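Worksheet for the structure shown next.
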Amino acid sequence: MRDALDDLLGRMHVEGSWYAALKALGPWAVTFETAPLARLVIVVEGTCLLTSSDVEAPMELSAGDCIVVQPGIGFSLQDRLGRPTMHCEAVFARATGREATVGESGPVTAIQSGRFSFDAAAAEPLMPLLPPILRIRLDEERSAAVRATLDLMAAESDGDGMGAGSIIDRLADVLFIQVLRAWCAADDGPGAGWIAALRVPPLAVALRALHSDLARPWTVADLAREAAMSRSAFAALFRDVVGEPPLSYLTSWRVYRAKALLKETRHSLSEIAVSVGYDSDTALSRAFRRFEPLPPGAWRRAQTGGPRP
């Protein structure tokens with residue numbers, strides 16, 4: 001059965017764009033300015049400090065820490081506060097291959113970093129749940145798996161093999177899933193929202209059933225049966241963890257999937273309405289307007305730049 005994460009990741013179309021390794025020796029400090037792409041930073045060896053106007057206090061990072069930085073967020077990495085900083089582009093401009101070195105002597109901090117892009121509309125249910133800078137502590141097994149994926153991406157980036165771009169994009173999908181899965185499994189993982197519900201067994205069962213058949217005319221009682229709970233207990237638990245009632249959640253995901261189909265297919269509005277659980281395009285439009293200022297047809301034209309049949 002599919003769950004919400006399968007539903008979302010299957011539509012995000014994560015694409016990798018740049019991967020590099022940084023070997024830092026004290027004293028050092030590197031600034032990463034705001035960018036339209038998300039960033040991933042993994043500390044492979046040593047320690048460093050992360051500072052940003054979007055975090056309350058410096059983050060102390062050590063080997064095994066993974067940082068996901070949302071688009072538009074700037075930050076700095078350094079061995080100690082108050083160091084003069086170098087811009088990341090200047091550091092990597094003098095790199096040998098995919099590895100750059102900064103600093104002169106002292107303890108080594110080894111970092112692997114990547115940037116990736118994705119369809120903002122497809123990522124809509126996920127990004128508001130993530131802080132501007134998400135810190136994930138990888139255990140030994142997950143850290144090795146993530147580093148292996150980054151190494152494969154770097155190798156494809158350095159090479160000139162046929163289909164390298166497609167391989168990198170698919171590995172970027174794998175990497176993003178690995179990181180999200182590690183966050184979901186962590187003790188300090190998501191505490192609220194649909195991702196948090198995946199950590200609660202009865203809610204996870206109900207969500208897998210719902211996302212496997214989104215068009216089914218679900219009731220709260222139906223979902224409660226999937227979770228093996230009473231209707232009232234299920235509704236209370238769902239609202240407490242997810243932050244909204246079950247049927248409101250269902251509506252939001254139906255509209256989300258309708259948006260994906262409006263962008264990705266040439267299906268008519270009526271066909272899309274039926275596929276996501278509405279008996280007419282008028283019913284879909286009513287639900288759609290709860291989330292968007294435009295009706296579905298106009299929204300499609302705005303997204304695709306022209307009319308669709």
Side-chain angles (χ1 to χ4, degrees), residues 2-15 17 34-38 54 68-73 115-132 169 172-173 176 180 190 192-197 207 210-220 223 238-239 242-309:
R2 297 177 63 85
D3 60 25
L5 202 54
D6 291 317
D7 204 354
L8 181 135
L9 292 172
R11 302 177 188 280
M12 278 183 63
H13 307 301
V14 178
E15 297 180 354
S17 63
T34 60
L37 304 181
D54 290 278
V68 177
V69 184
Q70 291 224 35
I73 304 299
R115 293 195 297 231
F116 50 90
S117 61
F118 42 78
D119 186 330
E124 190 176 276
L126 174 64
M127 302 314 286
L129 300 180
L130 303 182
D169 289 344
D173 269 326
F176 198 68
L180 283 180
W194 59 266
I195 291 185
L207 288 180
L210 183 149
H211 282 270
S212 294
D213 190 4
L214 204 62
R216 175 177 164 180
W218 290 101
T219 66
V220 177
L223 293 169
F238 194 99
R239 179 186 279 274
V242 180
E244 62 181 327
L247 298 187
S248 294
Y249 173 90
L250 173 61
T251 298
S252 66
W253 276 87
R254 283 176 168 171
V255 170
Y256 166 73
R257 190 175 290 181
K259 286 180 180 179
L261 293 172
L262 287 166
K263 288 186 66 175
E264 298 167 4
T265 75
R266 300 179 66 86
H267 298 332
S268 69
L269 296 184
S270 296
E271 290 172 324
I272 291 174
V274 171
S275 71
V276 299
Y278 295 102
D279 58 9
S280 68
D281 56 349
T282 301
L284 170 61
S285 183
R286 283 197 298 267
F288 201 92
R289 291 298 295 270
R290 292 171 55 184
F291 300 88
E292 295 291 337
L294 298 174
W299 187 90
R300 168 184 262 177
R301 290 190 292 274
Q303 296 294 313
T304 60
R308 290 279 188 97

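Not measured: the values here are computed from a predicted model.
- Atom CG of Leu250 sits about 11.0 Å away from atom CZ of Arg216, to the nearest 0.5 Å.
- Within the 4.5 Å cutoff, the side chain of Leu126 has heavy atoms near those of the Leu180 side chain.
- Proximity of a side-chain donor or acceptor of Ser285 to a complementary backbone N or O of Thr282 within less than 3.5 Å is not detected.
- A search for side-chain hydrogen bond (donor to acceptor under 3.5 Å, both in side chains) contacts involving Thr219 returns Asp222, not counting sequence neighbours.
- No side-chain heavy atom of Trp194 sits under 4.5 Å from any side-chain heavy atom of Glu244.
- Proximity of Gln303 to Leu262: side-chain heavy atoms (C-beta onward) are nowhere separated by under 4.5 Å.
- In this structure, CG in Leu247 is found 8.5 Å from CZ in Arg254, a value given to the nearest 0.5 Å.
- For Ala197, the side chain to side chain contact (heavy atoms under 4.5 Å, CB included) criterion is met by Leu203, Leu207, Val241, Val242, not counting sequence neighbours.
- Contact detail for Pro245 and Arg239: the closest heavy-atom pair is CG-NH2, 2.9 Å.
- Closest approach of Ala283 to Asp279, counting heavy atoms only: CB-OD1, 3.7 Å.
- Listed by chain and number, the residues in a side-chain hydrogen bond (donor to acceptor under 3.5 Å, both in side chains) with Glu292 are Lys259 (sequence neighbours excluded).
- In this structure, the side chains of Val255 and Val276 stay at 4.5 Å or more apart for every pair of heavy atoms.
- For Tyr249, the side-chain hydrogen bond (donor to acceptor under 3.5 Å, both in side chains) partners are His211, Trp253, not counting sequence neighbours.
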**OP:** Would you please test Arg289 and Trp299 for side-chain contact (heavy atoms from CB on, under 4.5 Å) and show each step?
**Re:** CA-CA 10 Å; Arg289 291 298 295 270; Trp299 187 90; over 6 Å; no

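- Residues that satisfy the side chain to side chain contact (heavy atoms under 4.5 Å, CB included) test with Val274, not counting sequence neighbours, are absent from this structure.
- Partner Tyr278 forms a side chain to side chain contact (heavy atoms under 4.5 Å, CB included) with one of Thr251, Ile272, Leu269 and no other, that one being Thr251.
- Considering every non-hydrogen atom in both Ala192 and Leu129, the closest pair reads O-CD2, 4.5 Å.
- In this structure, the side chain to side chain contact (heavy atoms under 4.5 Å, CB included) partners of Gln70, at least two apart in sequence or on a different chain, are Ile73, Met127, Leu130.
- Between Leu214 and Arg257 there is a side-chain heavy-atom pair separated by less than 4.5 Å.
- Side-chain contact check for Asp281 versus Pro296: every heavy-atom pair is 4.5 Å or farther apart.
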